[in-house]
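Only heavy atoms go into these numbers, but all of them, side chains included; no hydrogens, no water, no symmetry mates. First listed ligand is number 1; within each ligand, the first listed atom is number 1.
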Amino acid sequence: MRKNIAAGNWKMNLAFEEAKSLSEHVSNVQVADGTEVILGVPFPYLEQIQKVIASNPGVHVAAQNCHQEAKGAYTGEVSLGMLASIGIKTVILGHSERRAYQKETDELLAQKVKAALQAGFKVIFCCGESLETREAGEHFDFVEGQLRNSLFDLEAKDWKQIVIAYEPIWAIGTGVTASPEQAQEIHAHIRTLLKNTFNEQVAEETSILYGGSVKPANAKELFSKSDIDGGLVGGASLKAADFEQIIKSF
Ligand code: PEP
């Protein structure tokens with residue numbers, strides 16, 4: 001069966017000492033069977049934070065991005081090989097902030113996903129619509145397009161390495177959360193797409209996370225929905241007690 005996942009996305013936050021103390025706290029949280037906790041850590045801290053959480057087999061770290069090429073003249077970039085060489089096995093791709101600020105396109109993300117899968121990484125792939133798109137009633141088609149352009153020419157076997165995070169842009173960092181019903185209906189739509197495009201097994205075994213102002217007060221209700229398998233959490237993942245409560249919300 002698919003896993004429940006509580007993933008934190010630290011983004012460009014926390015000084016190292018703060019990151020260390022937060023991850024020490026998380027490493028002491030008892031993670032239920034069938035649940036996985038993932039911390040999306042800034043590049044410079046990955047190796048050390050990985051050591052901090054090593055005592056808890058339920059907790060893992062992820063990079064927040066990677067480059068699609070194996071090596072070369074790409075100043076400031078980080079390759080999958082570099083990440084693998086320090087033991088990192090998970091990468092977040094397609095976050096709406098990277099799509100907006102770094103102009104990452106569906107096509108570029110398709111290349112990054114392929115490179116990551118080939119390098120044996122697990123990918124948390126983010127998708128989600130803007131407020132304008134939702135208000136126009138085009139969110140189902142928009143999200144479907146993002147998935148189709150970046151993921152749908154993969155093979156069924158590749159999906160063992162993919163987690164989808166549905167993150168409506170209008171709910172990220174705004175304090176506005178999609179209602180559990182709004183999130184459930186689009187998660188169910190994504191799962192149906194996986195079934196129709198790949199097969200029943202891919203649909204049933206792929207974890208689909210919700211992201212957008214997840215907090216202790218709403219996590220339980222969101223995670224209780226049949227097609228919501230956890231959360232990708234920004235702001236609340238920076239607060240030890242809040243993230244602990246979210247981890248315990250399954
Ligand atoms: C995110 O960073 O992916 C996110 C969902 O942020 P927040 O929880 O702060 O809305």
| task | Examine G235 against ligand 1 and note whether any of their N/O atoms are separated by less than 3.5 Å. | result |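 The answer is yes, given that G235 and ligand 1 share an N or O pair closer than 3.5 Å.
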| task | Check whether any N or O atom of T174, backbone or side chain, sits under 3.5 Å from an N or O atom of ligand 1, and answer yes or no. | result |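 No - when backbone and side-chain N and O of T174 are compared with those of ligand 1, no distance drops under 3.5 Å.
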Tell me which protein heavy atom sits closest to [atom], plus the residue, atom name and distance to 0.1 Å.
| atom | answer |
| --- | --- |
| atom 1 (C) of ligand 1 | H95 NE2, 3.3 Å |
| atom 2 (O) of ligand 1 | K11 CE, 2.5 Å |
| atom 3 (O) of ligand 1 | E167 OE2, 2.6 Å |

Pair [X] + [Y], salt bridge at N-O below 4.0 Å:
| X | Y | answer |
| --- | --- | --- |
| K122 | E36 | yes |
| D106 | R99 | yes |
| K195 | E204 | no |
| K114 | D153 | yes |
| D229 | R191 | yes |

| field | Region of N9 engaging ligand 1 - heavy atom pairs below 4.0 Å | value |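 Looking at N9 and ligand 1, just side chain atoms fall under 4.0 Å.
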| Taking heavy atoms and a distance under 4.0 Å, where does A165 meet ligand 1: side chain, backbone, both or neither? |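 The answer is neither; A165 stays 4.0 Å or more away.
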Which atoms of ligand 1 sit under 4.0 Å from any heavy atom of [X]?
| X | result |
| --- | --- |
| L232 | 3 (O), 5 (C) |
| G212 | 5 (C), 10 (O) |
| A171 | 10 (O) |
| S213 | 7 (P), 8 (O), 10 (O) |

| Taking the minimum heavy-atom distance to atom 10 (O) of ligand 1, which of G40, G234, G173 ranks first? |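 Considering heavy atoms of G40, G234, G173, the nearest to atom 10 (O) of ligand 1 sits in G173.
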| said: Looking at T197 and L193, would you say the former's side chain and the latter's main chain have a donor-acceptor pair under 3.5 Å? | reply: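 Confirmed, T197 side chain pairs with L193 backbone.
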| Ring geometry between Y210 and Y166 (parallel below 30°, tilted from 30 to 60°, perpendicular above 60°) |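 Ring orientation, 0 to 90° scale: tilted.
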| task | Could you verify whether a donor N or O on one side chain and an acceptor N or O on the other, from Q64 and W10, lie under 3.5 Å apart? | result |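 There is no such pair (donor and acceptor under 3.5 Å, judged by atom type) between the side chains of Q64 and W10.
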